[in-house]
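FYI, side chains are in, hydrogens and waters are out, and symmetry mates aren't considered; it's all heavy atoms of this structure.
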Amino acid sequence: MTDPPLPPAEAPSHPDAPSVDVPGTDEGLPQSDGLPQSDGLPQSDGLPQRDGPPRATDREALALARRIVELAEDKKAADIVLLDLTGLTTMTDYFVICSGGSERQLDAIADGVISGLRDEKVRPIGREGTPTSHWVLVDYGAVIVHIFTPPERDYYGLEKHWAEAKTVLRVQ
C-alpha cells in the first residue's frame, strides 16, 4: 500500500511574512525576451546582469595575447609562453607567462605591457602582486599575464598545472 500524496505547501498566512518562491515556477520573475536586462533585474537564467568590459572575440583575444608577448619581449622578459586555455576554463582564454631576473625587471615588464597597451587604448581590469612578492599578475580579461622571478615560476608551476593547454608560442 502506498502513502497518500502530501498536500501542496501553503503560503504564509501572516501579513508580515515574506513571500515564498516555489522552485520551478516563474511567478514574480520578470519575463525575458533573451536580451540582457539593463535594469539590474535577473536575466532568464536567474543571474543579475553584470556591467563590465565586453568579451573579446577569439581573434581579438589572440591578437591581444600576441601583442602582450611582443611588449614583454621588448622589456627583455625571459622564457615567454603563451597558453591557449579556451575550453579548459571560463576564467580567461589565454595566459602569457614570463620571467624577469630581478624585482626591478618584473616591474619594468609589467609597466611596459600596461603602458604599451594604454597607448593603444587597452586598459587592464586589474594588477595584482608587487615585484617584492616575485609575482605580478596583470588581468586583461581574455588574457592574463603572469610575470615571475624564476624560483617562483618553478614553485607555482603554472605550465604544469595547465599542461592540457595548447602552447601557442614560446620565446626563449
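Between Trp162 and Phe95, the ring-plane angle classifies as perpendicular under the 30° and 60° cut-offs.
A continuous path of Ile, Leu, Val, Met, Phe, Trp and Tyr side chains, each step under 4.5 Å between heavy atoms, connects Met91 with Leu137, placing both in one hydrophobic cluster. Hydrophobic clustering (side-chain heavy atoms under 4.5 Å, transitive across Ile, Leu, Val, Met, Phe, Trp, Tyr) groups Ile114 together with Leu82. Residues Ile144 and Val69 are members of separate hydrophobic clusters, defined by side-chain heavy-atom contacts under 4.5 angstrom among Ile, Leu, Val, Met, Phe, Trp and Tyr. No continuous path of ILVMFWY side-chain contacts below 4.5 Å connects Val113 to Trp135, so the two sit in separate hydrophobic clusters. Following chains of ILVMFWY side-chain contacts shorter than 4.5 Å, one cannot reach Leu71 starting from Val81, and the two form parts of different hydrophobic clusters.
Considering only heavy atoms from C-beta on, Arg66 comes within 4.5 Å of Leu169 through its side chain. The shortest side-chain heavy-atom distance between Asp93 and Val143 does not fall under the 4.5 Å cut-off. Between Cys98 and Ile147, the closest side-chain pair of non-hydrogen atoms falls below 4.5 Å.
For the atom pair CD1 (Ile80) and CD1 (Ile109), the distance works out to 7.5 Å, reported to the nearest 0.5 Å. Distance check, rounded to the nearest 0.5 Å: OH of Tyr156 to NE2 of His146 gives 12.0 Å. Separating the OG atom in Ser133 from the CD atom in Glu128 is a distance of 10.0 Å, to the nearest 0.5 Å. For the atom pair CZ (Phe148) and CG (Leu158), the distance works out to 4.0 Å, reported to the nearest 0.5 Å. Remark: Glu164 CD to Asp84 CG distance equals 12.5 Å, nearest 0.5 Å. Interatomic distance, CG of Leu64 versus OH of Tyr140, reported as 7.5 Å (0.5 Å rounding).
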Could you walk me through whether Val168 and Tyr94 pass side-chain contact (heavy atoms from CB on, under 4.5 Å), step by step?
-> CA-CA 9 Å; Val168 177; Tyr94 297 94; 4.3 Å; yes
Take Arg123 and Leu117 through the test side-chain contact (heavy atoms from CB on, under 4.5 Å) and record every step on the way to the result.
-> CA-CA 7 Å; Arg123 299 195 180 272; Leu117 290 176; over 6 Å; no
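Remark: the backbone N or O of Thr149 is not paired with any side-chain donor or acceptor of Ser99 at under 3.5 angstrom.
Comment: Asp79 engages Arg153 in a salt bridge, judged by a side-chain N to carboxylate O separation of less than 4.0 angstrom. Electrostatic pairing of Arg127 and Asp107 counts as a salt bridge here, judged by a charged N lying under 4.0 Å from a carboxylate O.
Gln105 and Ser102 share no side-chain donor-acceptor pair at under 3.5 Å.
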